[in-house]
Amino acid sequence: MLEITYLRSQAAEAISGLKKRGLDANQRIKDILKLDELRRENQNELDQTLAESNRISKEIGQLFKEGKREEADAAKAQTAALKNKIKDLQQEQEQLKHSLEQDLLALPNVPLDTVPAGNSEADNEIVQKVGEQMTLGHGAKPHWELAEDLKLIRFDLGVKITGAGFPVYQGKGARLQRALINFFLEENIKAGFEEYQPPLMVNETSGYGTGQLPDKEGQMYHMPEDNLYAIPTAEVPITNIFRDEILNSEDLPIKATAYSACFRREAGSYGKDVRGLNRLHQFDKVEIVALTKPEDSMAMLDAMVEHVAALLQKLELPYRILKLCGGDLGFTSSITYDFEVWSAAQERWLEVSSVSNFQTFQTNRMKIRYRGEDKKTHLLHSLNGSALALPRIVAALLENHQEEDGIRIPEALQGFTGFEKI
RNA sequence: GGAGAGAUGGCAGAGUGGUCGAAUGCGGUAGUCUUGAAAACUAUUGAGGGUCACACCUCCGGGGGUUCGAAUCCCUCUCUCUCCGCCA
């Protein structure tokens, strides 16, 4: 949610920024500012009326104490009209607040100056390309065939016990999963992120905090009996740890990492690109989250991008980094770098990480603040990224590292798997 | 699942209708003292809205009600703790 103070002072900037998303927000922002003005006018009147009512009440108390019952009763009569007025004004205030909030919630984050304009994937800017975009030819197999041949992943068993999109990992497949999780966590810890183990289910308030609710309601698994949601990413519980907190300057930046299973209903995505590990209902991911002072968030973003790139290099996977264009940017993000690994057998790029700076868009909603030099509270900037999401990494590892005598495990991972070949 | 107790400022903990945004202690900040530090003493110290700045307004778990007036009384929801049962 954008800050109202930002819109008040920099409406023109917001409007021109949002154009990069293909959004003409001119009228919407005008409406918001109008509502904001009405709201403040109303509050002013309400406050004055409340002040008067408070004053009279105090007088009545005083009069009673002095035993001047008649005068007190006379004063009481005065308050009836005030009470009605207060009630009306309060109702109006509630309505104005509500509409203002609705309008603000519906507005996406403003892309930064450096974000390219554009409507679709095609307009994303390729920032960097590392490694060879190899083609395998002859007997090369896609990962779902390799996984089946080598008995690493059992899609059929997942269907049997749960449903499509819930694979069972077996033998070296399961060990590879565990190794990757440990590898990512250890690397993240080395980079200064503190490890957390969050709950895999969250309450409604947390869902609103990170913005999954209300708009993406249908994307989360919901347990109505207890009104809990299965997390679609560790970002939700981890960021919500800091909800409604005022952090000390010396504790910043906050850098957190967590492994979690992630659950996504993926309602509405059928057909192509869902084969094998490409799109699952349950998958494993290691996430990194950062909270920084506003002036430090861009440096943090760069550091996180570099960190994720290093992970991919250690796994010896060819990848590219995209700077997303305005039209492809997530609702809450002001700038996002996507990481894609090359899947040699499918001959396509697979997204494995998305590193974003949300600035105050999330923290405004969650009221995550810090106390500045001026002793006042200020909103922090929040950032997050995957480091990394497992299934597509596994897919790329299997496909890219397939050799005549099996799958080669990258050296960096061997200490975690305990084997060099599958 | 059954029975009971409770939810107040960063923490602990008073407060049962007006003088309460809230005693007191701890913690934090600033100062006095000191070569420096500690101790002691003094002052200060919640959040949000509003305003150029004041004024002023809101908030004592959430929502609703009674009353001229609610942290305090009533209803309701949520959560926490203790005991019993069940159980990894």
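So you know, we letter chains A, B, ... as the sequences are listed, proteins then strands, and number each from 1.
Look at B:U34: it lacks any Watson-Crick or wobble partner with both distances under 3.5 angstrom. Figure legend. B:C60 is base-paired to no nucleotide; pairs are counted as Watson-Crick or G-U wobble with both atom distances under 3.5 Å. B:C79 is paired with B:G6 under the Watson-Crick or G-U wobble criterion, all donor-acceptor distances under 3.5 Å. If you check B:G21 for Watson-Crick or wobble pairing at under 3.5 angstrom, you find it has no partner at all. The partner of B:C52 cannot be assigned: no Watson-Crick or G-U wobble pair with both contacts below 3.5 Å exists in any strand. Remark: B:A43 base-pairs with B:U29; criterion is Watson-Crick or G-U wobble with both hydrogen-bond distances under 3.5 Å. Pairing for B:G85 is absent, judged as Watson-Crick or G-U wobble with the two contacts each under 3.5 Å. As the counterpart of B:U72, no nucleotide is assigned, since no Watson-Crick or G-U wobble pattern has both distances under 3.5 Å.
Look at CG on A:D244: it is 13 Å from C1' on B:G61, rounded to the nearest Å. The CZ atom of A:R39 sits 9 Å away from the P atom of B:G49 (whole-angstrom rounding). Distance, A:E71 CD to B:C68 P: 18 Å, rounded to whole Å. In this structure, the CD1 atom of A:I4 is 14 Å from the C1' atom of B:G50, given to the nearest Å. Atom CD in A:E52 sits roughly 17 Å away from atom P in B:C68 (whole-Å rounding). In this structure, A:N364 atom CG and B:G48 atom P are separated by 12 Å, rounded to whole Å. Taking atom CG of A:D47 as the reference point, atom P of B:G49 lies 13 Å away to the nearest angstrom. Between the NZ atom of A:K97 and the C1' atom of B:C57 there is a distance of 11 Å, given to the nearest Å.
Comparing B:U76 with B:G27, their C1' atoms are spaced 37 Å from each other, to the whole Å. Comparing B:C77 with B:U24, their C1' atoms are spaced 33 Å from each other, to the whole Å. Rounded to whole Å, the separation between the P atoms of B:A47 and B:A23 comes to 15 Å. Only the C1' atoms considered, B:G10 is 16 Å distant from B:U44, to the nearest whole Å. Taking the C1' atoms as reference points, B:U29 lies 24 Å from B:U35, given to the whole Å. Taking atom P in both B:G1 and B:C87, the straight-line distance is 16 Å, to the nearest Å. B:U8 and B:G4 are spaced 22 Å apart, taking the P atom of each and rounding to whole Å. Comparing the C1' positions of B:G61 and B:A7 gives a spacing of 6 Å, expressed to the nearest Å.
Note on A:Q48: a base of the nucleic acid sits closer than 4.0 angstrom, heavy atoms only. Among the protein residues, A:R55 comes within range of no part of the nucleic acid, since none of its heavy atoms lies under 4.0 Å from any strand. Across all strands, A:A75 comes closer than 4.0 Å to no nucleic acid atom at all (heavy-atom distances). Within the nucleic acid shown, A:L50 comes within 4.0 Å of sugar-phosphate atoms alone, with no base atom in reach, counting heavy atoms only. Contact annotation for A:S57: base contact, defined as any heavy-atom pair under 4.0 Å involving a base atom. Counting non-hydrogen atoms under 4.0 angstrom, A:N54 reaches the backbone sugars and phosphates but no base.
In this structure, A:T79 and A:D36 both approach RNA chain B, and ranking their closest nucleotides by distance from the 5' end singles out A:D36. Between A:L46 and A:R369, the residue anchored closer to the 5' end of RNA chain B is A:R369, taking for each the nucleotide with the nearest heavy atom.
Set against B:C57, B:G49, B:A47, the side chain of A:A51 has B:C57 as its closest nucleotide. The side chain of A:T377 sits closest to B:A47 out of B:G18, B:U58, B:A47. Residue A:R371 has its side chain nearest to B:A47 when only B:U58, B:A47, B:G18 are considered. Which of B:G69, B:A47, B:G50 sits closest to the side chain of A:K83 comes down to B:G69.
For the residue pair A:Q346 and A:E399, a side-chain donor N or O sits within less than 3.5 Å of a side-chain acceptor on the partner. For the 3.5 Å distance criterion, the side chains of A:E235 and A:Q362 qualify, holding a donor opposite an acceptor. Side-chain N/O atoms of A:D296 and A:H381 include no donor and acceptor closer than 3.5 Å. Residues A:R275 and A:N278 have side chains that never bring a donor and an acceptor to within less than 3.5 angstrom of each other.
Of the residues listed (A:R369, A:H378, A:R365, A:E3), the one engaging A:T360 in a side chain to side chain donor-acceptor pair (under 3.5 Å) is A:E3, and it is the only one.
Classified by interplanar angle (parallel below 30°, tilted 30° to 60°, perpendicular above 60°), the ring pair A:Y229/A:H222 is parallel.
A salt bridge does not link A:E37 to A:R40: none of the charged side-chain nitrogens sits closer than 4.0 Å to a carboxylate oxygen.
Here A:W144 pairs with nothing under the ring pair (Phe, Tyr, Trp, His ring centres under 6.0 Å) rule; sequence neighbours left out.
In this model, the phosphate group of B:U51 is approached by a side-chain N or O of A:R40 to a distance below 4.0 Å at OP1 or OP2.
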